[in-house]
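Single-structure report; data block below.
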Amino acid sequence: MRRTHTCVDLSKKDVGQEVVLMGWVHRRRDHGGVIFIDFRDRYGLTQIVFNPENNKEVHDRAHILRNEFVLGVKGTVIARPDDMINSNMQTGEIEVMIDELRIFNTAVTLPFQIEDNVDASEATRLSNRHIDLRRPELQKTFIARHKASMAVRNYLDGQNFLDIETPFLTKSTPEGARDYLVPSRVNEGQFYALPQSPQIFKQLLMISGFDRYYQIVRCFRDEDLRADRQPEFTQIDIEMSFAGEDEIMGVAEGLVKKVFKDVIGKEVQTPINRITYKEALDKYGLDKPDMRFELELKDISEIVKTTGFKVFASVVEKGGLVKAINAKGCATFSRKEIDDLTEYVGIYKAKGLAWVKIKEDGSWQSPIAKFFTPEEQALIAEKTDMEVGDIIFFVADNPKVVNESLGNLRNLLAEKMELIDEDLFEFVWVTDFPMFDYDEHEKRYSAIHHPFTAPFEEDYDKLETDPLNINSRAYDLVLNGSEIGGGSIRIHDRAVQERVFAALGLTEDDYKEKFGFLIDALESGAPPHGGIAFGLDRLIMILCKQSSIRDVIAFPKTQKASCLLTAAPSFASTDQLDELSLKVVLDD
RNA sequence: GGGGGUGUAGUUCAGUUGGUUAGAACGCCUGCCUGUCACGCAGGAGGCCGCGAGUUCGAGUCUCGUCACUCCCGCCA
């Protein structure tokens, strides 16, 4: 018996043909006499029929069929009478009358039904992922993922990029995320690290003269998980020589254009708008602004720095900010709703959430109204575009707290106010990131992007004197409020690289031990180069409108980084540990 | 490391003020049924109430601890 068609192929034009289908029993309807089965494979559903008048022996055997049995069936395609056409099914005009039945395998009762509207908990689904993955809805996601990968390869191949593999067993580096370590048996007591990204290797490939490199590659970071973060994830990794920001961003734009076109048939408008990091924070509070709606933040620090309202005035005096956001027409928010929003901004360390409702007569209803002079009220009203029926929220604190709390509040309000069109895909480039920030815990500067990112040339002098005021040649691509890609122009000059390491507080011995091979390579004839990496999982997640990255990874891990299907990780045997010269010491 | 949520039948859930034998739907099993497509009808099986202590005459319900899953903060160059 050999498969002739899939469960989506057959239609009226095939009536009369003898066909062989192979797949799973999706649902059965046994009438005692005639038996109907919705027969499923990767491609779709076809109704197959066992009729005693057609073939008694096969019909008798078909009584034992149950959900998820695996069958091969041979039969004749017949047209359904007009009143029995199922218009909900792609193959609803026909059915297959079965003459020959092969039962390849039976199936026990499954822990949950194979249906699109899942009602099993995620833990149950992950423990039975092979079954979960039978759901057509999930299969669609992985088909989309495949198409996206193909689009990436086709596009980059067309642009002369070479796919070159880089090692997974590599060197642990300081800076950045916690490494996954792999013990070396041959070198007792020594460890490899799994790559957080192929960053240094792709730079070395540029130095080798490969000019244009890409890879769809797994990366590993041992950090805590989130709805959009897994310990292993996939990057579309790209690097180009002799290219500046515009060329790299151009390639990136061509790439997303191709992916969106091929996978969901959407046209992405290019060039994609660019805003600076500073502008993003000013207007939206976050460095990954959701551009599907307006709802901009307004800085009223200048207006309130001399106000009688000490909470605002003293914050500005200490170098903080007071910013406002106008939720148009939301003066109807209840006390409870405002309390909930206050609690929400508390997550981001905001100590409070001041508010003003504009009453019908245009006056302020607000616990803080009495602190402001009419002139101040007028200036604030103008700045925030206050109108009757609006509610304006204020946060006063240091810039980080103000921006993070109001930026996230902005996203929450947009959702609550239903300002988000779920069919929109709004891209934006964020550029001119600061080079460093100050790590309070470690009492040193740390790189915002990574230590190989080039500063702007005019800022070189500040490396030793004023590192916090250097901007880097880094850029992030943001889609619907999610960072889906990021890259930079790299340092290709040994001296500059050493000055950046020094600014990060690394001693010469430190950076020579950890990055000596890179520094040496930089003086061996390194071309100017730069690149970008996309988070493929996140991109697919947004493309397929999924709320969790786990839904776009075939075998994902739980929040505690365990695999419920295989029960990894697990303890190693004493023999394994001995071979690796390892000893496990557990805390109490 | 911290905060929130969830955990009862195979699955999704209900379960009153602490009170007799813990329910429903779907699924499963048996029988009947020749045009269904969420087939129908009749009957049936199925429970470590996450786990462990405690309070109580009595705990699914209250207290404490613990585990798992999940969302978030920190963390993630």
Side-chain angles (χ1 to χ4, degrees), chain A residues 26-39 45-54 59 63 66-68 78 80-81 83-89 91-92 95 97 107-128 131 173-179 196-197 199-200 219-231 233 343-350 401 404-405 408 412 433 435-437 439-441 445-453 472 474 483 486-488 500 504 533 535 547-548 550 557-560 562 564 567:
Chain A
H26 189 63
R27 234 186 274 279
R28 85 197 155 96
R29 293 175 292 279
D30 184 344
H31 289 237
V34 68
I35 299 169
F36 299 99
I37 283 174
D38 291 338
F39 200 48
L45 289 173
T46 297
Q47 175 164 280
I48 59 175
V49 189
F50 297 89
N51 192 320
E53 287 169 9
N54 179 63
H59 172 266
H63 279 303
R66 291 295 180 270
N67 284 349
E68 301 305 311
I78 56 177
R80 300 199 199 181
D83 56 336
M84 282 161 211
I85 286 173
N86 184 344
S87 53
N88 298 322
M89 256 172 117
T91 58
E95 59 196 8
M97 181 70 77
V108 296
T109 304
L110 301 186
F112 50 87
Q113 309 277 100
I114 312 299
E115 291 170 335
D116 276 351
N117 44 348
V118 215
D119 62 355
S121 72
E122 190 158 7
T124 307
R125 290 172 49 206
L126 290 180
S127 306
N128 300 275
I131 295 165
T173 54
E175 302 293 314
R178 193 175 294 112
D179 286 321
Q196 297 171 28
S197 85
Q199 181 59 36
I200 295 178
C219 302
F220 306 85
R221 294 178 191 177
D222 187 6
E223 294 294 346
D224 286 354
L225 279 56
R226 286 285 192 285
D228 63 353
R229 263 160 44 187
Q230 282 274 303
F233 62 98
E343 197 182 325
Y344 180 75
V345 295
I347 295 172
Y348 304 97
K349 303 280 184 287
V401 168
E404 280 182 13
S405 57
N408 284 292
L412 184 72
F433 280 76
M435 185 86 179
F436 306 103
D437 62 5
D439 187 323
E440 288 295 341
H441 288 290
Y445 298 107
S446 64
I448 285 190
H449 194 63
H450 57 53
F452 319 111
T453 299
S472 70
E483 183 206 325
S488 64
V500 169
L504 288 168
S547 52
S548 163
R550 295 182 298 277
K557 306 229 173 359
T558 69
Q559 196 161 40
K560 279 194 69 194
S562 65
L564 293 181

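Keep in mind the model is a prediction, meaning the values are calculated, not measured. So that the names make sense, note that chain A is the first sequence line, chain B the second, and so on, each numbered from 1.
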Compare the minimum distances between each of [options] and the side chain of [X], then state the nucleotide with the smallest one.
| X | options | answer |
| --- | --- | --- |
| A:Arg80 | B:rC76, B:rU36, B:rU70 | B:rU36 |
| A:Thr109 | B:rC76, B:rC28, B:rG35 | B:rC28 |
| A:Phe36 | B:rU36, B:rU12, B:rU34 | B:rU36 |
| A:Ala123 | B:rC71, B:rC37, B:rC69 | B:rC69 |
| A:Arg229 | B:rC75, B:rC71, B:rG35 | B:rC75 |
| A:Asp30 | B:rC71, B:rC73, B:rC33 | B:rC33 |
| A:Lys349 | B:rC73, B:rC72, B:rC69 | B:rC73 |
| A:Arg29 | B:rG74, B:rU34, B:rC39 | B:rC39 |
| A:Leu564 | B:rU34, B:rC69, B:rG74 | B:rC69 |
| A:Pro111 | B:rC37, B:rG10, B:rG74 | B:rG10 |

Side-chain H-bond candidate by donor/acceptor type, A:Thr124 with A:Ser127, under 3.5 Å: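 Checked: A:Thr124/A:Ser127 side chains show no N/O donor-acceptor pair below 3.5 Å.
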A:Asn67 and A:His26: side chain donor to acceptor below 3.5 Å: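 Side chains of A:Asn67 and A:His26: no pair found under 3.5 Å.
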Examine [N]: is either OP1 or OP2 under 4.0 Å from a nitrogen or oxygen in the side chain of [X]? Give yes or no.
| X | N | result |
| --- | --- | --- |
| A:Ser121 | B:rU12 | yes |
| A:Arg226 | B:rC73 | yes |
| A:Thr558 | B:rC69 | yes |
| A:Lys560 | B:rA68 | yes |

Need the pair for [N]. Rule: Watson-Crick or G-U wobble, both distances under 3.5 Å, any strand; none if unpaired.
| N | answer |
| --- | --- |
| B:rU6 | B:rA68 |
| B:rG18 | none |
| B:rU63 | B:rA53 |
| B:rG43 | B:rC29 |
| B:rG58 | none |
| B:rA24 | B:rU12 |

Please confirm whether any donor atom in the side chain of [X] sits under 3.5 Å from an acceptor in the base of [N], or the reverse.
| X | N | result |
| --- | --- | --- |
| A:Gln47 | B:rU36 | yes |
| A:Glu223 | B:rG74 | no |
| A:Asp224 | B:rG74 | yes |
| A:Arg221 | B:rC76 | no |

What's the gap between [N] and [M] when it is taken at their [atom1] atoms, as a whole Å value?
| N | M | atom1 | result |
| --- | --- | --- | --- |
| B:rG27 | B:rA38 | P | 12 Å |
| B:rC29 | B:rG10 | P | 15 Å |
| B:rU63 | B:rA24 | C1' | 31 Å |
| B:rA9 | B:rC28 | C1' | 11 Å |
| B:rU66 | B:rG23 | P | 34 Å |
| B:rU61 | B:rU6 | P | 15 Å |
| B:rA42 | B:rA25 | P | 12 Å |
| B:rU34 | B:rU70 | P | 49 Å |

Sequence-distant partners of A:Phe39, ring pair (Phe, Tyr, Trp, His ring centres under 6.0 Å), two or more places apart: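 Partners of A:Phe39 under the ring pair (Phe, Tyr, Trp, His ring centres under 6.0 Å) test: none.
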Verdict with reasoning, A:Phe36 to A:Val34, per side chain to side chain contact (heavy atoms under 4.5 Å, CB included): CA-CA 7 Å; A:Phe36 299 99; A:Val34 68; 3.7 Å; yes
Write down the distance between [atom1] ([X]) and [atom2] ([N]), rounded to a whole number of angstrom.
| X | N | atom1 | atom2 | result |
| --- | --- | --- | --- | --- |
| A:Ile35 | B:rG40 | CD1 | P | 16 Å |
| A:His63 | B:rU34 | NE2 | C1' | 11 Å |
| A:Gln559 | B:rU6 | CD | C1' | 13 Å |

NA contact type, [X], heavy-atom cut-off 4.0 Å: base, sugar-phosphate, or nothing?
| X | result |
| --- | --- |
| A:Ile448 | sugar-phosphate |
| A:Glu343 | nothing |
| A:Pro81 | nothing |
| A:Tyr348 | sugar-phosphate |
| A:Asn51 | base |

Geometric class of the A:Tyr344/A:Tyr348 ring pair [parallel <30°, tilted 30-60°, perpendicular >60°]: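 Perpendicular, since the angle between the ring planes exceeds 60°.
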A:Arg66 vs A:Arg27, nearer the 5' end of RNA chain B by closest nucleotide: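 Of the two residues, A:Arg66 wins.
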Pairwise 5' ranking along RNA chain B for A:Ser562 and A:Pro451, keeping only the more 5' one: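 The residue mapped nearer the 5' terminus is A:Ser562.
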A:Arg29 bridged to A:Asp38 by N-O distance under 4.0 Å: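 Judged by the 4.0 Å cut-off on N to carboxylate O distance, A:Arg29 and A:Asp38 do form a salt bridge.
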Ionic contact status for A:Arg550 with A:Glu122, cut-off 4.0 Å: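 Salt bridge between A:Glu122 and A:Arg550, a charged N being under 4.0 Å from a carboxylate O: yes.
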Side chain to side chain contact (heavy atoms under 4.5 Å, CB included) between A:Asn86 and A:Gln47, worked out: CA-CA 10 Å; A:Asn86 184 344; A:Gln47 175 164 280; over 6 Å; no
